S.K.: 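This is the structure I have questions about; it appears just below.
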There are 2 protein chains.
Amino acid sequence: MTQKRIRNMEEFAAVSGISRPTVSKYFNDPDSVRRSTRARIEKALERYDYRPNIFAMNQNRKLTKNIGIVVPFMADPVFAEHARNIEQRCISAGFRPTLYSAHGDPALEVDILDGLRSLKPAGVLLAPLGRASDQKEIEKFCRDVPTVLFDSNIEGLGEAFIGSDNFSFVSQTVEYLTRTGAPPSFFEMRTPANPNANKRRVAYIQMMDRLGLEPHIIQIEGEGWAFEEIGRRGALEILRDNRLPTDSILCSNDRLAIGLLSACCELGYRVGRGPDCNLRVASNDDHPFARFTCPSLTTAAHDYDSVSNRSVETLFELIESGGEFRNREETLFPSRLVLRNSA
Amino acid sequence: MTQKRIRNMEEFAAVSGISRPTVSKYFNDPDSVRRSTRARIEKALERYDYRPNIFAMNQNRKLTKNIGIVVPFMADPVFAEHARNIEQRCISAGFRPTLYSAHGDPALEVDILDGLRSLKPAGVLLAPLGRASDQKEIEKFCRDVPTVLFDSNIEGLGEAFIGSDNFSFVSQTVEYLTRTGAPPSFFEMRTPANPNANKRRVAYIQMMDRLGLEPHIIQIEGEGWAFEEIGRRGALEILRDNRLPTDSILCSNDRLAIGLLSACCELGYRVGRGPDCNLRVASNDDHPFARFTCPSLTTAAHDYDSVSNRSVETLFELIESGGEFRNREETLFPSRLVLRNSA
DNA sequence: ATATTAAATTGACGCGCGGAAACTTTTAAG
DNA sequence: CTTAAAAGTTTCCGCGCGTCAATTTAATAT
């Protein structure tokens, strides 16, 4: 089938009967050449499996087709899902996405951005670690590379932010819990890694005020990204010491809730809204595993698809408009309450 | 601090007082130059933040410092953990790892390998999808690129395989369950995506035979990588139809077990080894969430660290020995039984 | 048919680096 | 102090492609 191996664009241009500069144009943008020549090139492409040397391509190009996707913690399935969505969309748009995880480590996050810079990416989608992030370094990076932040906002960084509306989350869960039973305490880490956590606490207080109820916040200790274990340990203490004012608890996020449910299980608490239950647990995120906890977790769901879709769209707009927006827009998507069995 | 921006290696060589070819040697291998010159270069490196153009570097080099890491499904925290380990080790060895997930899609797996090929990687660590993988394409890839398989073996593919000893898993869980109670049924997918699943079934039968017990295999329907949901649906049927010969069940893997526990919770089964329990559930893998299920999951744990460490070491050996081994070795690590509360 | 415009060709240069050859300097060994 | 080996320097070429200017060819309009 393949008569001879094509070594470079020169040779490929020869066998396709088109000049090399035109072939080069084609690979940069297939629509930039006439339909007839495009057809000829693609016919040749079928017979000879040539692809331009990616290193030589990117060497001189001002802008590559590379896109960096950086998430804070890949072992969290939420980010794996986001990554999958974003990756696919980038690929279909003709870009070359590369996925990175900071694995919860701010130094690694900086290293990733550093390495990314030398890939001359057309743009970067960054879900930062948050509080732990080295903001100065990220700011430096954003000056050099068109960057869209998602999931976790850092004021002023990046050309845009796309995330979820934390108030929408907490207001719905608080409203539901108070309407159907006792008002909830708020269960969170004392020093949360993620800025969304702070907004959720504020939203909780605001909602309780609005309902004329006394907010009650339980802050547990723990550093790092092992939220389940932190939630479990914290919950064991809380439950043993009987520090809950009511039978209702709202977790800042699902991973903490998973840990809390695990603690409930250990201590023999019955979680749910049945008459024989002694605790109601709700949470925020709709983690992929929230469906499979015991009992299944009532939670406010991210609009994952919208967030990742809009993130990608925004990045494309950013790239097309030369890497800068006039003003930094923050897009927030509301949540959807998912009623399951835990509350 | 930085007097002027360094544009290329030529300029950097000038300011460091070393000739360009020597500087080039340094960047290929810092130990290949004299200590004194290395010191001079690194002193210059502190004052000027120059780094060689990665595209120009890789263009002519026969072998790059790139390493590809391909996992079948990143939303499975097991692979996220593996990836983290492997990434770090590659970086400290001076390589440039890039992480890819096939997201359960065989076509994407092939695309990833295809894209990887054009990165001229020094080597690739591949955890294949398994049954669904396009074996011919993977074979082609392995001919071009030094590849080490891990986690999931495909007979004859890659220069080596590093994984876990499935017999070690199942023998321990079966032995434990039979020693402490009724012999277990084996709960698995009828068409498992992963080849380890088949080996586990065989091991189960073998162990039951050895103990003079009748094996009982429950095969549930379901395609894809949403194991938890598949396990849950399957378990709901099994439990409703009362198709369990004993009160003991061994799941092929933890993700199925998580689904099964979820079903148990829904149907009000009490899982555990207490006198008031009506089901014992054990499993294999020690998934990061196995600690947090209700009840916590008794399972045979992968020696994750050993597998990922040995995989990386093997790949490095492979790279140093020119990309080929005399014979394909398969290294299997035994499991460790983790007793928790589900059995 | 001719004028106009769009697209392709020709020929050439440059990107930043790897690598080789021939030569010079430094280092270590006797 | 001599000598050979090791390391560094100079000079050059090539990698594969982007890109540009000048030119020719093809498509579209008048």
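Model, not experiment: these values are computed from the prediction. Below, read A as the first sequence line, B as the second, and so on, with proteins coming before strands; counting in each chain starts at 1.
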S.K.: For B:Pro21, answer base if it contacts any base atom (sugar-phosphate contacts may also be present), sugar-phosphate if it contacts only those atoms, and nothing otherwise; contact means non-hydrogen atoms under 4.0 Å.
M.R.: base
S.K.: Just call it for B:Thr22: base, sugar-phosphate, or nothing, with non-hydrogen atoms closer than 4.0 Å on any strand.
M.R.: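 Base, at least one base atom sits under 4.0 Å.
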S.K.: Looking at every strand, decide which applies to B:Lys62 at a 4.0 Å heavy-atom threshold: base, sugar-phosphate, or nothing.
M.R.: sugar-phosphate
S.K.: Quick one: B:Asn60 CG to C:dC15 P, roughly how many Å, whole number?
M.R.: 15 Å
S.K.: Determine whether a donor-acceptor pair (one donor, one acceptor, N or O, separation below 3.5 Å) exists between the side chain of B:Arg20 and the base of C:dG18.
M.R.: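 Answer is yes: a donor-acceptor pair is held.
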S.K.: Does B:Tyr50 reach a base, just sugar-phosphate, or nothing at all? Heavy atoms under 4.0 Å.
M.R.: sugar-phosphate
S.K.: Tell me: CD of B:Glu10 to C1' of C:dG19, nearest whole Å?
M.R.: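 After rounding, the gap between these two atoms is 15 Å.
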S.K.: Locate the shortest heavy-atom distance separating A:Pro146 from A:Ala122; write the atom from each residue and the value.
M.R.: CG-O, 3.5 Å
S.K.: Can you check the A:Phe55 CZ to C:dG18 P distance for me, whole Å?
M.R.: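 From A:Phe55 CZ to C:dG18 P: 13 Å.
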S.K.: Would you find a donor on one side and an acceptor on the other, under 3.5 Å apart, between the side chain of A:Glu81 and the backbone of A:Tyr304?
M.R.: no
S.K.: For A:Ser24 and D:dC17, is the shortest distance between a side-chain N/O and OP1 or OP2 below 4.0 Å?
M.R.: no
S.K.: When the nearest nucleotide of DNA chain C is assigned to A:Ser32 and to B:Pro52 on a heavy-atom basis, which residue is associated with the more 5' position?
M.R.: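 The residue mapped nearer the 5' terminus is A:Ser32.
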S.K.: Send over the distance from A:Lys25 NZ to C:dT9 P, rounded to a whole Å.
M.R.: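 After rounding, the gap between these two atoms is 11 Å.
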S.K.: What integer distance in Å separates A:Phe12:CZ from D:dG18:C1'?
M.R.: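 Result: 17 Å.
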S.K.: Is A:Thr147 reaching over with its side chain to a backbone N or O of A:Cys142, donor-acceptor style, under 3.5 angstrom?
M.R.: no
S.K.: Any side-chain N or O of A:Arg61 under 4.0 Å from OP1/OP2 of D:dC17?
M.R.: no
S.K.: Rounding to an integer number of Å, can you tell me how far B:Arg34 CZ sits from C:dA28 C1'?
M.R.: 11 Å
S.K.: Please determine whether a side-chain nitrogen of the Lys or Arg among B:Lys140 and B:Glu137 lies less than 4.0 Å from a carboxylate oxygen of the Asp or Glu.
M.R.: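 B:Glu137 and B:Lys140: salt-bridged.
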S.K.: Can you label the angle between the A:Phe316 ring and the A:Phe95 ring as parallel, tilted or perpendicular, going by 30° and 60°?
M.R.: parallel
S.K.: For D:dG8, does OP1 or OP2 lie under 4.0 Å from any side-chain N or O of B:Thr37?
M.R.: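 Result: yes.
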S.K.: Mind calculating the distance between CG (A:Asn28) and C1' (D:dC20) to the nearest angstrom?
M.R.: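 Going from CG in A:Asn28 over to C1' in D:dC20 covers 14 Å.
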S.K.: Distance criterion of 3.5 Å, no angle test: do you see the side chain of A:Asn53 paired donor-to-acceptor with the base of D:dC17?
M.R.: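 Result: no qualifying N/O pair found.
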S.K.: Just compare D:dC17, D:dG8, C:dC17 and give me whichever is closest to any side-chain atom of B:Met57.
M.R.: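 Nearest to the side chain of B:Met57 among the choices is C:dC17.
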S.K.: Within this structure, what is the CZ-to-C1' distance between A:Arg38 and C:dA8, rounded to whole angstrom?
M.R.: 17 Å
